[in-house]
S.K.: 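Okay, handing you the structure first.
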Amino acid sequence: MGSKLDNIFSSYANSNIFKDKSVLQINYTPETIPHRDKQIEEVASILAPAIKGERVSNLFCFGKTGTGKTLSVQYVTKEILKRVSDSGADNLKVVYLNCKLKKIADTEYRILAEIISALGESVPATGLPTDAVYSKFIEIIERKKQLILIVMDEIDQAVKKISDGFLYNLTRLNSELKNAQISLVGISNSLTFMDNIDPRVRSSLGEEEIIFAPYNALQLQDILRERAAQAFTEGVLDEGVFSKCAAFAAREHGDARRALDLLRVAGELAEREGSKKLTMEFIDKANNKIERDKMLDIIENEPRQHQLVLYSIINLAGKEKDGVFTGNVYNKYQEFCQKTKVEILTQRRVSDIIAEFDMLGLINVDVISRGRMGRTREIKLMIPINLQPKAKEILETALTI
DNA sequence: GTCAATTCACATGAAAGAGACCACGGTCTAGTG
DNA sequence: CTAGACCGTGGTCTCTTTCATGTGAATTGACGA
């Protein structure tokens, strides 16, 4: 037994694939950001007045995930803060909010609470009227003359959850403030985000807009090379690895984060297998693993009712020859509910749950009209065929079927 | 055969309820001087 | 007399139900050629 563990540990300790793995971690901020000079300059020139504590134009950054939006903005704000503190002033506060993290931002209340706590104060997690939180917020920032720069990452997520009303409130707040001023930087993954928000908000929010184009495969390679030089021991990587990684990620709309993830997971796999070199095969394996883990993780952590619905879909997907529809799913779902003694939800609710799965990419949904056969959703299971048994197993244990 | 009306089986929206959580302020209790 | 325990109130949040309205094409049935 001990010798077995010895083997595992020693192969791990001896492996010299990584020099510094943290470089590949998502939260690592690199020194340089290749191929984003133009955008960084733009951001910098727009935010420059903040150094003197003057209000800056509201800024909006668009671009798909992993195109360096967040990084660029953070880089610029960091530089600005550095200069501000060098000059000894403290009339600038930068608040960074990631609206994708569910706990932070799915209500107006929480966003405010998060901003306030980022400013070093605190408010209860719940229990206060929203306008009380607003006035507390105003009170806090009005204490002195300063500029509050609020960076809202993935702002589209927040707006989808709430309405755009809070953005309106926030932009309008400036006219009520005497000392402090607020500027917003919105970062959005969706290019069409601006189209469906209130025109009043749009005009005040979109004073400046910057678009981040996806990286192409060559640019991705540059990025990978640069990071890999720091992350991996020399000579570990095959030359083809970069282009392969980049190609995979370029297929996913040039997502650099994805490319780096791929490289990291591939490295981990190579390390685990005690390989001396990181060859192309590991990239393939890593790609599968990432997909697999992501999906199974989602499935495992869904609430019970959702799992039941998904289980019904998986069960129907194989059998039904002319497609799976909402009605089918609901019937099957009722069956399983009775079997597991779980309360049965209304069809209305199940319909929404199905829509949520669509958003998660577990299924693909088309609203079709079958004439006299009514209008319904046609559901296609998107879990890869080789994962389905595993997914089923997870659901069965979770639901004790 | 053509055309409009009908009809199906849900989609999609809006509103509101239930139950959990939490802060706040007032009241009660027990310990202290 | 005061600190802390304990309630009731009023607020939010999430998940859900209820009620209402919308919708695209297969089907139907009337109509004219």
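Order of the sequence lines fixes the chain letters, A, B, ..., with proteins taken first and strands second; residue numbering starts at 1 for each chain.
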S.K.: Which residues pass the side-chain contact (heavy atoms from CB on, under 4.5 Å) test with A:Lys339, not counting sequence neighbours?
M.R.: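 Per chain and number, A:Lys339 pairs via side-chain contact (heavy atoms from CB on, under 4.5 Å) with A:Phe336.
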S.K.: Rounded to whole Å, how long is the line connecting atom CG of A:Asn328 with atom C1' of B:dC10?
M.R.: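 In whole Å, B:dC10 C1' lies 12 Å from A:Asn328 CG.
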S.K.: Check the distance between B:dT12's C1' and A:Asp366's CG and give it to me in whole angstrom.
M.R.: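 Computing the A:Asp366:CG to B:dT12:C1' distance gives 16 Å.
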S.K.: Considering only distance and modelled atom types, tabulate donor-acceptor pairs under 3.5 Å from the side chains of residues 352-359 of chain A, sequence neighbours left out.
M.R.:
| unit_1 | atom_1 | unit_2 | atom_2 | d |
| --- | --- | --- | --- | --- |
| A:Asp352 | OD1 | A:Arg348 | NH1 | 3.0 |
| A:Asp352 | OD2 | A:Arg348 | NH1 | 3.2 |
| A:Asp358 | OD1 | A:Val365 | N | 3.4 |

S.K.: Applying salt bridge (charged side-chain N to carboxylate O under 4.0 Å, His left out), can you list everything that pairs with A:Lys294, at least two apart in sequence or on another chain?
M.R.: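 By the salt bridge (charged side-chain N to carboxylate O under 4.0 Å, His left out) rule, A:Lys294 matches A:Glu291.
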S.K.: Taking only residues two or more places apart in sequence, or in another chain, which ones meet A:Phe282 in a ring-ring contact (aromatic ring centres under 6.0 Å, His included)?
M.R.: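 Counting only residues at least two positions away or on another chain, A:Phe282 forms no ring-ring contact (aromatic ring centres under 6.0 Å, His included).
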S.K.: Fill in the dot-bracket string of DNA chain C, one character per base: . for unpaired, | for a pair to another strand, ( ) or [ ] for pairs within the strand, taking Watson-Crick or G-U pairs under 3.5 Å.
M.R.: |||||||||||||||||||||||||||||||..
S.K.: Do NZ/NE/NH1/NH2 and the carboxylate oxygens of A:Lys69 and A:Asp153 come within less than 4.0 Å?
M.R.: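 No, this pair does not count.
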S.K.: Quickly work out the A:Ile379 CD1 to B:dA11 P distance and round it to whole Å.
M.R.: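 After rounding, the gap between these two atoms is 8 Å.
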S.K.: Output all residues satisfying side-chain hydrogen bond (donor to acceptor under 3.5 Å, both in side chains) with A:Asp37, sequence neighbours left out; order by chain, then residue number.
M.R.: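 Partners of A:Asp37 by the side-chain hydrogen bond (donor to acceptor under 3.5 Å, both in side chains) criterion come out as none, since no residue qualifies.
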S.K.: With side-chain hydrogen bond (donor to acceptor under 3.5 Å, both in side chains) as the rule and sequence neighbours excluded, what pairs involving residues 385-401 of chain A come up?
M.R.: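 As it turns out, the side-chain hydrogen bond (donor to acceptor under 3.5 Å, both in side chains) pairs with a partner in residues 385-401 of chain A, which skip direct neighbours, are A:Tyr311-A:Glu396.
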S.K.: Could you go over nucleotides 29-31 of chain C and give all protein N or O partners under 3.5 Å, atom names and distances?
M.R.:
none

S.K.: Sequence neighbours excluded, which residues qualify as side-chain hydrogen bond (donor to acceptor under 3.5 Å, both in side chains) partners of A:Arg225?
M.R.: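 side-chain hydrogen bond (donor to acceptor under 3.5 Å, both in side chains) check on A:Arg225 returns A:Gln221, A:Glu239.
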S.K.: Starting at atom CG of A:Leu112, determine the distance to atom P of C:dC13, rounded to an integer number of angstrom.
M.R.: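 Roughly 11 Å, once rounded to whole Å.
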S.K.: Atom CZ of A:Arg304 to atom C1' of C:dC15: distance rounded to whole Å?
M.R.: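 After rounding, the reported distance stands at 16 Å.
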S.K.: Applying ring-ring contact (aromatic ring centres under 6.0 Å, His included), name anything that partners A:Tyr330, two or more places apart in sequence or on another chain.
M.R.: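 A:Tyr330: ring-ring contact (aromatic ring centres under 6.0 Å, His included) contacts with A:Tyr333.
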S.K.: Are any of the side-chain nitrogens in A:Glu273 or A:Lys285 under 4.0 Å away from the carboxylate oxygens of its partner?
M.R.: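 A:Lys285 and A:Glu273: salt-bridged.
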S.K.: Under the salt bridge (charged side-chain N to carboxylate O under 4.0 Å, His left out) rule, collect the residues that match up with A:Lys78, sequence neighbours excluded.
M.R.: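 With neighbours one apart ignored, the set is empty.
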S.K.: Check the distance between B:dA11's C1' and A:Glu378's CD and give it to me in whole angstrom.
M.R.: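 One finds 15 Å between C1' of B:dA11 and CD of A:Glu378, rounded.
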S.K.: Summarise protein proximity over nucleotides 16-24 of chain C in one line of letters, 5' to 3': B for base, S for sugar-phosphate only, - for none, counting protein heavy atoms closer than 4.0 Å.
M.R.: BBB---BBB
